[in-house]
Amino acid sequence: MTTQDFTTVSAATTVSNASAASAVTTASAVTTVPAYAAPAAHAPLERTTVPRRPVGDHDVLIEIVYAGICHSDIHQVRDGWDEGIYPMVPGHEIAGVVAATGGAVTRFAVGDRVGVGCLVDSCRTCDDCRAGREQYCTASVPTYNGRDKEGEPTYGGYSTHVVVDESFTVRIPDGLALDAAAPLLCAGVTLYSPLVHWKAGPGKRVAIVGLGGLGHMGVKIAHALGAEVTVLSQSLRKQEDGLRMGADHYYATADEKTFEELAGSFDLIVSTVSAPLPMGRYLGLLATDGVMVNVGAPEEPVGLNLFDLLAGRRTLAGSMIGGIAETQEMLDFCARHGIVAEVEVIRAEQINEAYERVLAGDVRFRFVIDAATI
Ligand code: NAP
Ligand code: ZN
Ligand code: ZN
């Protein structure tokens, strides 16, 4: 897939090199690009086209090379959290190459390897934005299933190209292959952020609940941070993988004895589980002053007996993705430690089948779409 696939690009767009300029075929406000979209809630994804805005002064045009499939994509195309905006083009684990830059872009050049995660804009002035916590800005713009500042729907990474402000674009270090790096843009930073915030490191006993897309990144990052890492998975089916990724211990939560044996033994638990969990049982695994951070986003509420927090002065917390600078920090950390996701690259026409396999727990450990097949 090349920039030639663009059917229209604004003639007013400033592009920074000749090859990208050759993509300009007609003068028009909007570009149309191939994408895979869910036309309605619960409908299978199908090939279509979606508009992309002209490359503005501060924008980069990215030729998408790979896009990861996050479980959040599945929640959203099924209106699992809220009513979605359709057609919906999911995808917030985007890895690609800069194909053109706006006139005022300073940080990127054509040919740079770049990534885009869950956010493409924010208010840029609130306390959270100024502190680099754009993910908590109440005016942040999600990469898809949201609306930009002009009120136009945003379309995600299951597509050939995307136009993104350079401030929401990060650099993928040379040492990281684009397919295996794509999931770092959501799964990677979603685990890196709480692990660093709650100081996973030497002497800390960290449990990762669920060894899926997020969980396997958690094991690798917590291990690289120097923590003692335990995987709490439903079964021992993926034990060999978990230990190879850096886990020190591996337990099956289907086994009643696990909860007795491990009671009171973790400083930090990060749950990546996509379904409601019996919270009390997991809180009981925390040592005094331990923290359980939930990053999983189940569609149903969970029940909580507050006595499970009183005992042991325990904390139950949540965490959502990470900021833009933090995402770059995470990518650089992963490059230094040789950390990437373990991926199964699929063709675009396998997206619906991949969704079913994620729901069935049949993924090791992230599906990544080859954008050339879109
Ligand atoms: P995933 O690849 O499907 O992994 C989820 C894992 O949870 C599964 O591999 C499984 O691990 C475990 N699990 C699933 N159902 C379970 C059940 N009923 N009981 C116990 N364990 C169960 O999904 P993902 O992409 O990692 O995403 C996980 C969740 O995080 C989703 O809800 C997603 O929307 C959310 N998320 C949140 C953020 C954030 O910013 N907070 C960012 C991205 C995603 P085992 O097979 O090892 O048991
Ligand atoms: Zn995600
Ligand atoms: Zn803000």
Side-chain angles (χ1 to χ4, degrees), residues 68-71 93 176-177 179-184 186-196 198 200-263 265-275 277-278 281-282 285-287 290-296 319 330 333-334 337-345 354 357-368:
I69 293 179
C70 177
H71 204 122
E93 294 185 334
L176 304 179
D179 55 352
L184 300 179
C186 174
V189 74
T190 298
L191 272 292
Y192 180 83
S193 184
L195 287 168
V196 169
W198 277 281
K204 284 280 174 85
R205 298 159 297 173
V206 175
I208 304 289
V209 190
L211 193 68
L214 266 56
H216 91 293
M217 294 313 312
V219 172
K220 290 184 179 203
I221 292 169
H223 174 70
L225 288 168
E228 181 181 343
V229 183
T230 299
V231 174
L232 301 176
S233 182
Q234 291 167 101
S235 72
L236 296 180
R237 198 164 49 93
K238 295 177 274 191
Q239 181 172 25
E240 213 174 286
D241 291 312
L243 297 177
R244 172 176 52 76
M245 290 172 198
D248 301 286
H249 317 282
Y250 201 106
Y251 288 86
T253 53
D255 184 345
E256 282 304 312
K257 291 200 296 293
T258 291
F259 291 90
E260 290 161 31
E261 198 178 319
L262 298 179
S265 66
F266 297 111
D267 303 301
L268 178 63
I269 298 175
V270 183
S271 170
T272 71
V273 173
S274 48
L277 279 183
R281 307 194 75 201
Y282 287 85
L285 302 181
L286 288 173
V291 179
M292 177 162 173
V293 185
N294 198 87
V295 296
S319 183
M330 174 275 309
F333 174 89
C334 287
H337 291 273
I339 294 175
V340 284
E342 308 207 352
V343 300
E344 181 175 338
V345 176
R357 286 183 56 194
V358 170
L359 291 169
D362 175 24
V363 52
R364 293 195 185 191
F365 281 82
R366 199 57 141 187
F367 290 114
V368 169

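Computed from a prediction, not measured in an experiment: that's the story for all the values here.
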*Before giving the answer on side chain to side chain contact (heavy atoms under 4.5 Å, CB included), spell out for H71 and L359 the whole-Å C-alpha distance, their side-chain angles and the decisive distance to 0.1 Å.*
CA-CA 8 Å; H71 204 122; L359 291 169; 3.8 Å; yes
*Quick one: salt bridge (Lys or Arg N to Asp or Glu O under 4.0 Å) pairs with a partner in residues 208-232, sequence neighbours left out?*
K220-E342
*Roughly how far apart are E240 CD and M245 CE, rounded to 0.5 Å?*
11.0 Å
_Shortest non-hydrogen contact from G213 toward M217_ = O-CG, 3.5 Å
_Quick check for you: to the nearest 0.5 Å, what is the distance between L195 atom CG and M330 atom CE?_
12.0 Å
_The criterion is salt bridge (charged side-chain N to carboxylate O under 4.0 Å, His left out); which residues satisfy it with D267, sequence neighbours excluded?_
R205
*asked:* What I'd like to find out is whether the side chain of L262 reaches to under 4.5 Å of the side chain of L232, using heavy atoms alone.
replied: yes
*Closest approach of A224 and F333, non-hydrogen atoms and distance?*
CB-CZ, 3.6 Å
*Do you know the tightest heavy-atom contact between P183 and V343?*
CG-CG1, 3.8 Å
*Heavy atoms, side chains only, cut-off 4.5 Å: are V206 and H223 in contact?*
no
*State, yes or no, whether a side-chain contact exists between I208 and L214 at a heavy-atom distance under 4.5 Å.*
no
*What are the two closest heavy atoms between L176 and A181, and how far apart are they?*
CB-CB, 4.0 Å
_For the student: nearest non-hydrogen atoms of G246 and V229, plus distance_ = O-CB, 4.3 Å
_So T253 and L277, do their side chains get closer than 4.5 Å, heavy atoms only?_
no
_Pairwise side-chain contact, E93 with L184, heavy-atom cut-off 4.5 Å (strictly under)_ = no
*Okay, side chain of S233, backbone of A252: is any donor-acceptor separation there less than 3.5 Å?*
no
*State, yes or no, whether a side-chain contact exists between K238 and R244 at a heavy-atom distance under 4.5 Å.*
no
*Not counting sequence neighbours, which residues clear side-chain hydrogen bond (donor to acceptor under 3.5 Å, both in side chains) with S193? List them please.*
E326
*Roughly how far apart are S319 OG and W198 CH2, rounded to 0.5 Å?*
5.5 Å
*Examine distances only and state if a side-chain atom of T230 and a backbone atom of Y250 form a donor-acceptor pair shorter than 3.5 Å.*
no
*Can you name the closest pair of heavy atoms from V219 and A247 and give their distance?*
CG1-N, 3.6 Å
_Option from L285, L268, V270, L286 for which side-chain contact (heavy atoms from CB on, under 4.5 Å) with M292 holds_ = L286
*Could you check whether the rings of H216 and F365 sit parallel, tilted or perpendicular, using 30° and 60° as the cut-offs?*
parallel
*Sole candidate of R357, R366, R364 that passes side-chain contact (heavy atoms from CB on, under 4.5 Å) when paired with E344*: R357
